Amino acid sequence: MTVRRKGDGIAVQPIWIKNGQVIDPGRFVGVGDVVIEQGKIAAIGPNLSGPPGCAVIQATGMLVLPGFVDLHVHFREPGFEYKETIQSGSAAAVAGGFTTVCCMPNTSPINDNQAVTEFILERARVAGLANVLPVGAITKGSEGKELAEIGDLRRSGCVAISDDGQPVMNSLVMRRAMEYARAFDLTVVDHCEDLHLAEGGCMNEGLISTELGLPGIPAAAEDVMVARNLSLSELTGARLHLAHLSTAGSVRMVREAKVRGIKVTAEACPHHFTLTEEVVRGYNTHAKMNPPLRTWEDVQAIKDGLRDGTIEVIATDHAPHATQEKQQDFTEAPFGIVGLETAFSLTLRLVEEGVLSLEQAVAKLTSAPAAAFGLKKGTLAVGADADVAIVNQHAQWEVDPSKFRSKSRNTPFAGWKIKGQVKITIVGGRVVFEAGSSEQ
Amino acid sequence: MSLKRKDLLSLAPLSVDEIKLMLDTADSFKEVTGREIKKVPTLRGKTVVNLFFEPSTRTRTSFELAAKRLSADVINFSPSSSSVVKGETLLDTARNIEAMQADVIVLRHSSAGAADTLARGVKSSVINAGDGWHEHPTQALLDLYTIRERGLGFEGLRVAIVGDVSHSRVARSNIYALTKLGAEVRLVGPPTMMPWGIEKLGVTVYSNMDEGLRGVNVIMMLRLQLERQGRALFPTIREYARLYGLTAERVKLADSGAIVMHPGPINRGVEIAPDVADSLSSVILDQVANGVAVRMGILYLISGAG
């Protein structure tokens, strides 16, 4: 990867990150330094010395982590730039410590061909903030009928395939997609939802949907598709990644599938391990997402899955929507919330609760997602791209959506006081975010 | 005693005293509707807007008549006949109406929670005239009023609600109010029409109609939405009518003084046999008549004229 700054071709200054609490999951944990040269990690360990002319970042008391990797964002460009652009989404990403994000193909047009993929990569290059890696569509137009040109998508830069939001209902098409994707060693990502069972639903089906008179999405709508996908993965040998698990049943099945050796990875979103369907009461559209917020039991199961490694990835499903869209009445408001700027702090709550060790939590945001898509990211190993997040684990802040870098404000966490503040984000050896600086 | 609420959105959060206050207030207006000149100046100078996003003749007419009998100015506003276009949010529409200094907005909407959304966004009082499958509080209040008018007490009263409870706002409002008032509520219908966990609201579910009706004091029939045929809730109208239609034979299973209710409009020969709808035990037209008095009372209480 070429290191660039405004005015291409000028190599960036080396950086010496001094005396931080460094966590490179599975490789190095301890007080130490990280040295960055030529956009790569040059050295990591205690008591290093920086190269001549380097910039020094005094990281005493800070966590120094690999930049976070988010396998699941919606950047809305092309097509819905009023919700988010690749520029604003990337700014939100680096403000949240994310240095690599994988953007889902449900744009307009759908990212089912080389031209859209190249457009996204070009916009990301111009934004010059995070690494934005496109996820291509499984089927043309994500219509679930004919396979997209998956080989072309791979060649032009897609890192996985998914018909996120419009799951492939035809099991034969899904089987063929999984078989075909093996030729390119591409991970197939599925948003597990049986669209017939979920039809018209807008929250978890249960006592609260009954009381509120809202059409429900039963947990079974997710479970049956998880079961199908696991079977198809077993049949085809494809690498399967299950997006945003929300039910106890899903966790149970994935756990069992892993024991049997099925090549599956799974992700959970902060909202699914932090909130229950109770938040929907009052018809709060910021509590409307898909999959929906579930019950307390489901939340516990997701946490158990995170704890025992059944769920190895934390992803945001960052889904920006304009204020006026979320101001519609509950059934008409779109699904989804933004997540990039709150994900790290919400993940730290799991550490405080004792669900995860700090190193495990970091792994779920870095090395594990990178491994799920086969990305050379999420590590501070010498020679790796210098993508780094420097955070103050203990600094408390109040979520104020008006201060988000994202174009959208749709979060159920407004007003929450949470700990964990991203101070500096480095991508490819270049500082792209500094807390307190308004410069973008 | 006055009602300390800006809005009437649902019966779920109301206290027994509040429900009784509404019924008692309706009593005094029932007297007005029996006079030769059926009009009082109570809401003179106030503006009531009927904002109906869903077609409804009887509820809208009932509210309109209620408001007019209180001497309020009434405007009927429905999307089909207005400038509401797709893209304008409910809130935008309502703020426009509010800018015309509406004191009370009566809202009918196909989405559950629409009245809540509206009430949060405007200063006018909001009365929910039916939101999706959620609630239809004034309908339930007029049902309660009609039951009470027939001399039946609520404590220990056995009420069977028959039909598609899942998709019924009328059922939900009645369940909330009747259980609060101490009635025994039975829900009768196929399991496809019972929403998840409804028993947890303190009701008993029967899929056999004959068992469900045995000994009840009130039979409350729900309108079958015929367009749901074939959509997996029930196989055919014919089979539904045989299993869950109210016939004279079935009425005999209930208590001898039982009354038959229906929120209307009725599907004769489907959920209710014609002879039952027209029988002495039927109070369907009383419900309609009482609707006006009950809504007068609610408009009076909500607009703070009390």
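Just so it is clear: chains get the letters A, B, ... in the order the sequence lines come, proteins before strands, and each one is counted from 1. Keep in mind that this is a model prediction, so the values were computed, not measured.
Each of B/Ala12, B/Ser110, B/Ala112 has some count of heavy-atom pairs under 4.5 Å with chain A, and the biggest count is that of B/Ala112. Put simply, of B/Arg172, B/His167, B/Glu135, the one with the most heavy-atom pairs under 4.5 Å next to chain A is B/Arg172. Of the listed residues A/Glu211, A/Glu332, A/Glu205, the one with more heavy-atom pairs under 4.5 angstrom with chain B than any other is A/Glu211. Taking B/Gly113, B/Ser10, B/Gly121 one by one and counting their heavy-atom pairs under 4.5 Å with chain A, the maximum is reached by B/Gly113.
Proximity to chain A (any heavy atom under 4.5 Å) is restricted, for B/His109, to the side chain, taken from C-beta onward. Heavy-atom distances place the side chain of B/Arg120, and not its backbone, under 4.5 Å from chain A. Of the atoms belonging to A/Pro215, heavy atoms from both backbone and side chain fall under 4.5 Å from chain B.
Under a cutoff of 6.0 Å and an axis angle of 45°, B/Arg295 and B/Phe63 form a cation-pi pair. Remark: A/Lys303 is not positioned above the aromatic ring of A/Phe273, lacking an NZ or CZ atom under 6.0 angstrom from the ring centre and at most 45 degrees off the axis.
A salt bridge links B/Arg169 with B/Glu54: the distance from a Lys NZ or Arg NE/NH1/NH2 to an Asp or Glu carboxylate oxygen falls below 4.0 Å. Looking at A/Arg294 and A/Glu277, no side-chain N of the basic residue comes within less than 4.0 Å of a carboxylate O on the acidic one, giving no salt bridge. Using a 4.0 Å cut-off between a side-chain N of Lys or Arg and a carboxylate O of Asp or Glu, B/Lys20 and B/Asp17 do not qualify as a salt bridge. The pair A/Glu325-A/Lys83 meets the salt-bridge criterion, since a charged nitrogen lies less than 4.0 angstrom from a carboxylate oxygen.
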